[in-house]
Amino acid sequence: MHFLQGIPISPGYADGVAVVYDDQTDHRVEFPDRDILPAEVEAEHGRLDEALEQSQGELKQPEPAANGPAAPDDSTAVLAAHSQLVRDMAAKVKQHLSRELVNVEQALDSVIGTLVDRLCQIENEYLRSREQDVRDVGRRMMRHLTGSPRFGLSSLPAHAVIVARELLPSEAIELSRSGLAAIVTEQGGRDSHTAILARALGIPAVTGLVGVTSQIKSGMGLLVDGEAGKVTVSPSPAERAEFSKSREHYQRSLAGMVADETLPCVTRDGMAITLLGNIGRPEEVEQIGSHHLSGVGLFRTEFLFLESRERPSFETQCEIYTQVAESLEGRPLVIRTFDLGGDKFPPFLASQQSGPQPSRHLRGLRFSLTERRLFETQVRAIVHVAQTADVRILFPMVVGSHDFSRAIAAVDQAIDKLGASNRPALGAMIETPAALFALEEILALADFVSIGTNDLTQYLLATDRHAVDLTDECTAWHPAVLRAIQRVVDAAGMDCPVCVCGEEAGEPDFACLLIGLGVRELSMTPARAAPVRQALRKIDGSKMRQLANHALRCATPGEIRQLLADPRD
Ligand code: PEP
Ligand code: MG
């Protein structure tokens, strides 16, 4: 018996049997590779259309069994995203094969290669992880083109723990249908679709175990602890018994958590906390209702158009924002204007013919202020939708009153142009050190502010938010970040609502600490809301205040974590 320590990406406990999934042999699809004549182009297009249809058919979410559980929202969203990706890729493949006069398999292989290379170079982890989806969809289409059999994943032994170098999102969905117990992989980030799906499907998962596919053999007994990221290989009876106890405890608390999702988010001493969701795609809005959240606290709109060759039009944006607002049925929708620049640089900007090229060195609002036409169109679309729904506008990467007041002027101009009467509430993201030094001026102009702990942490601590090996020294738990949050809360006082929308707001202990610092609104990935709600319902707000005061005087993140770990009563 021995232990392997990895990175936990989906909680839960599983006692099962290893099935080593070697993607070198199981995934590879051989394909013919040849040049074609112009007269053959049409026939190749026809073959592609057939593969497209077959792929689309597979990507339909099956109807749930009569009394079976409904498919989780995230798996529906991934299948829908893949279905769209299949269509987009097919269009690119047609263009490529007509231009280069190569057979459809070769064209598909080139298109996959180009997309994967482009995505791999992106700094942003969320976007980089979409590379997995491109390979997944590409492999599916290639399989149909070549008539290769499906990978043998649908018939697993009972309690199978899949051990793989990497698992693709559609494989995770397929595996979940065949009663998979857990996932153990060498690669795959916390924000990859597979990790998101594993969490949504309730499958424990541990990653970061380099070489695990050669260390573990199929048939070995495995205990997977998705809470601690620990895998025990060939466990002893005593280890199994200990593990069962932890698992029972976890299952009891999980059942309580789901039941508690309908309860109000109020601390023991009656402090009401507003829980909101972060979304990046319209499909995700359904999760706001399913997790009983009070609205959308952050809609990252740049994700809608990052792959787009066309400038997003007023009409397209109105349609999307209206659809999201209507799905919220009266709950507030905070739309953040495009946070572009740096690594987020859509093709429609790169291929811009007229005018000066926008600077990649600016980000967020200042980038938008140099791309006036794009910015004004977006603001007009949001203002238009805000006439009939509770829509608020949030500006990213505000650095002071100068850029923020120019953004506000753009909103007023849009109101004039549309002859509108409602001015939506306007907010600034506080996520740059500069904004901390211009707080009073920003707050004098803002209807609300939202603290982006992801960027605030990296810029305050001189670190890189996308690094996989971040130590606790470089997280939002650092006292410098907590002091920054405290400054915002104090300066805002009773006049200006303060939300925290960075990833850490979805971590139960950190959320408790934020309440102690005086934050009353938290916005997070919807799937993370249940444990946060449960944790907040157990705390006493005034005691958390004392604990937060103590935390503000700590020197290290470790000391702060220890404070939270100590019994609170
Ligand atoms: C943040 O920086 O914390 C934030 C919420 O914005 P994003 O993650 O989109 O940069
Ligand atoms: Mg940010």
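Just so you know, ligand 1 is whichever comes first in the structure, and atom 1 is the first atom listed for that ligand. Computed over heavy atoms, backbone and side chain alike; hydrogens, waters and symmetry mates excluded.
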Asker: Need the ligand 1 atom indices (1-based, order shown) with element for anything under 4.0 Å from a heavy-atom of Gly502.
Answerer: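 Answer, ordered by atom number: 3 (O).
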Asker: For Arg331, check side-chain hydrogen bond (donor to acceptor under 3.5 Å, both in side chains) against everything at least two apart and list the hits.
Answerer: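 Applying side-chain hydrogen bond (donor to acceptor under 3.5 Å, both in side chains) to Arg331 gives none.
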Asker: Take atom CD of Glu319 as the centre, draw a 6.0 Å sphere, and report whether it contains more than 12 heavy atoms from other residues, nucleotides or ligands.
Answerer: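 At most 12 heavy atoms, drawn from other residues, nucleotides or ligands, come within 6.0 Å of this atom.
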Asker: Ring centres of His384 and Phe314 under 6.0 Å apart?
Answerer: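 Yes, the ring of His384 comes within the 6.0 Å limit of the ring of Phe314, centre to centre.
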Asker: Which protein N, O or S atoms lie under 2.8 Å from the Mg ion (ligand 2), given by chain and residue number?
Answerer: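 N, O, S partners closer than 2.8 Å: Glu431 OE1, Asp455 OD2.
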Asker: Could you tell me which non-hydrogen atom of Ser313 sits nearest to which non-hydrogen atom of Thr377, and how far apart they are?
Answerer: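 Taking Ser313 first and Thr377 second, the nearest heavy atoms are C-CG2, 4.1 Å.
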Asker: Against heavy atoms of Gly452, which atoms of ligand 1 measure under 4.0 Å?
Answerer: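 Taking each heavy atom of Gly452 in turn, ligand 1 has 1 (C), 2 (O), 3 (O) under 4.0 Å.
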Asker: Run the salt bridge (charged side-chain N to carboxylate O under 4.0 Å, His left out) test against Glu376 and tell me which residues pass, sequence neighbours left out.
Answerer: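 Glu376 satisfies salt bridge (charged side-chain N to carboxylate O under 4.0 Å, His left out) with Arg372 once adjacent residues are dropped.
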Asker: Do any heavy atoms of Glu503 fall under 4.0 Å from ligand 1?
Answerer: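 Flag not set, Glu503 not near ligand 1.
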Asker: Report, one line per pair, each donor and acceptor closer than 3.5 Å where one atom sits in a side chain of residues 431-441; sequence neighbours left out.
Answerer:
residue	atom	partner	partner atom	Å
Glu431	OE2	Met397	N	2.8
Thr432	OG1	Val398	O	3.1
Thr432	OG1	Ala435	N	3.1

Asker: Testing the basics here: between Cys501 and Asn278, what is the closest heavy-atom pair and its distance to 0.1 Å?
Answerer: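 For Cys501 and Asn278, the tightest heavy-atom pair comes out as O-ND2, 3.0 Å.
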Asker: Testing the basics here: between Asp339 and Glu302, what is the closest heavy-atom pair and its distance to 0.1 Å?
Answerer: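 The answer is N-OE1, 3.1 Å.
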Asker: Where on Leu298 is there a heavy atom closer than 4.0 Å to ligand 1, on the side chain, on the backbone, on both, or on neither?
Answerer: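 For Leu298, only side-chain atoms sit under 4.0 Å from ligand 1.
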Asker: Would one find an N or O of Asp455, backbone or side chain, under 3.5 Å from an N or O of ligand 1?
Answerer: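 For ligand 1, there is an N or O atom that lies under 3.5 Å from one belonging to Asp455.
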Asker: Need the ligand 1 atom indices (1-based, order shown) with element for anything under 4.0 Å from a heavy-atom of Arg336.
Answerer: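 Ligand 1 atoms under the 4.0 Å threshold to Arg336: 6 (O), 7 (P), 9 (O).
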Asker: Run the numbers on Trp477 and Leu513 for side-chain contact (heavy atoms from CB on, under 4.5 Å), then give the verdict.
Answerer: CA-CA 9 Å; Trp477 286 82; Leu513 196 52; 4.1 Å; yes
Asker: Can you list the ligand 1 atoms lying under 4.0 Å from a non-hydrogen atom of Arg300?
Answerer: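 By the 4.0 Å cutoff, the relevant atoms are 4 (C), 5 (C), 6 (O), 7 (P), 8 (O), 9 (O).
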